[in-house]
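A short write-up of the structure that comes next.
Remember, predicted model here, so these are calculated numbers, not experimental data.
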Amino acid sequence: MRIGDLAAETGVSVRSLRYYEEQGLLAADRTPSGQRVYGASALDRVRLVQQLFGAGLPSRTIVQLLPCVDAGVSTPESFALLVSERDRITAQLAELEAARDRLDEVIAITEHPTAEHCPALREPEAAAA
């Protein structure tokens, strides 16, 4: 199957498929003219890579996990890697929640400005004091 066919079958862009190959996530054979040719297993590989990207894993982590996937085994290292990625995502969520909370405070101040937060609302003599 050629790269355009694989892209159409999986809904993944040709550019992304080239990136997958560059990162070691997907292998292709080459025709004598240099065109990429994929076996039927490439469909499942691309779908798996998409699921792992969707789970928030970066390509460097996916590359480390693929040998375990291919062998059908789980190792302590692969388990630790997945837990580490989950912890990274959890920390990112906490940072996003904190940012959202700060934004909610700014929105509340904007909706109901007070002299404390808005210098234009302060009394002239209170501003000088």
Side-chain angles (χ1 to χ4, degrees):
M1 157 179 354
R2 294 184 188 259
I3 195 167
D5 299 326
L6 182 59
E9 281 285 321
T10 59
V12 174
S13 71
V14 168
R15 183 176 180 175
S16 292
L17 294 175
R18 287 186 186 120
Y19 172 79
Y20 292 0
E21 185 179 350
E22 180 183 292
Q23 296 299 307
L25 303 171
L26 180 66
D29 292 323
R30 298 286 182 144
T31 65
S33 63
Q35 292 182 328
R36 291 171 175 86
V37 179
Y38 299 93
S41 65
L43 290 168
D44 290 335
R45 176 57 59 111
V46 170
R47 290 180 180 130
L48 172 64
V49 168
Q50 284 297 105
Q51 287 178 328
L52 295 172
F53 276 137
L57 299 180
S59 58
R60 64 180 156 65
T61 300
I62 297 171
V63 167
Q64 292 176 286
L65 293 172
L66 287 177
C68 295
V69 171
D70 292 339
V73 298
S74 176
T75 65
E77 293 81 14
S78 65
F79 181 80
L81 185 57
L82 289 169
V83 169
S84 172
E85 287 298 326
R86 185 198 54 211
D87 292 346
R88 179 186 60 79
I89 291 168
T90 299
Q92 286 179 328
L93 286 169
E95 290 174 12
L96 284 171
E97 287 174 352
R100 183 197 56 214
D101 292 346
R102 287 190 299 273
L103 184 56
D104 284 343
E105 291 171 6
V106 171
I107 290 170
I109 291 167
T110 303
E111 286 180 325
H112 308 289
T114 64
E116 176 187 359
H117 298 103
C118 183
L121 297 176
R122 295 184 185 143
E123 295 292 326
E125 57 263 0

Working to the nearest 0.5 angstrom, can you tell me the gap between Thr75 OG1 and Gln64 CD?
10.0 Å

Would a 4.5 Å heavy-atom cut-off, applied to side chains only, mark Phe53 and Val12 as touching?
no

State the CD1-CG distance between Ile109 and Asp104, to the nearest 0.5 angstrom.
11.0 Å

Going hydrophobic residue to hydrophobic residue with side-chain gaps under 4.5 angstrom, can you get from Leu65 over to Val63?
yes

Does the side chain of Leu43 reach to within under 4.5 Å of the side chain of Met1, using non-hydrogen atoms?
yes

With distance as the sole test, does Ser84 use its side chain to make a donor-acceptor pair with the main-chain N or O of Ala80 at under 3.5 Å?
no

Tracing side-chain links under 4.5 Å among I, L, V, M, F, W and Y, which residues wind up in one group with Phe79?
Val83

Between the side chain of Ser78 and the main-chain N/O of Ser74, is any donor-acceptor distance below 3.5 Å?
no

Would you mind reporting whether Leu52 and Thr61 have side-chain heavy atoms less than 4.5 Å apart?
no

Treating Ile, Leu, Val, Met, Phe, Trp and Tyr as nodes and any side-chain heavy-atom pair under 4.5 angstrom as an edge, say whether Tyr19 and Leu17 lie in one connected cluster.
yes

Which pair of non-hydrogen atoms, one from Glu85 and one from Pro58, has the smallest distance, and what is that distance?
OE1-CD, 3.4 Å

Using the side chain to side chain donor-acceptor pair (under 3.5 Å) rule, collect all pairs that involve residues 42-52, keeping only residues at least two apart or in two chains.
Tyr20-Gln50, Arg45-Asp70

Nearest heavy-atom pair of Gly34 and Arg30: which atoms, and what distance?
O-NH1, 2.8 Å

From CZ (Arg36) to OG1 (Thr31), nearest 0.5 Å
10.5 Å

Residues 91-102 side chain polar contacts: donor-acceptor under 3.5 Å, at least two apart:
residue, atom, partner, partner atom, Å
Gln92, OE1, Arg88, NH1, 3.4

Co-membership, hydrophobic cluster, residues Val14 and Leu26, 4.5 Å side-chain:
yes

Side-chain heavy atoms under 4.5 angstrom apart, residues restricted to Ile, Leu, Val, Met, Phe, Trp, Tyr: same cluster for Leu6 and Val37?
no

Side chains of Ile62 and Leu48: closer than 4.5 Å at any heavy-atom pair?
no

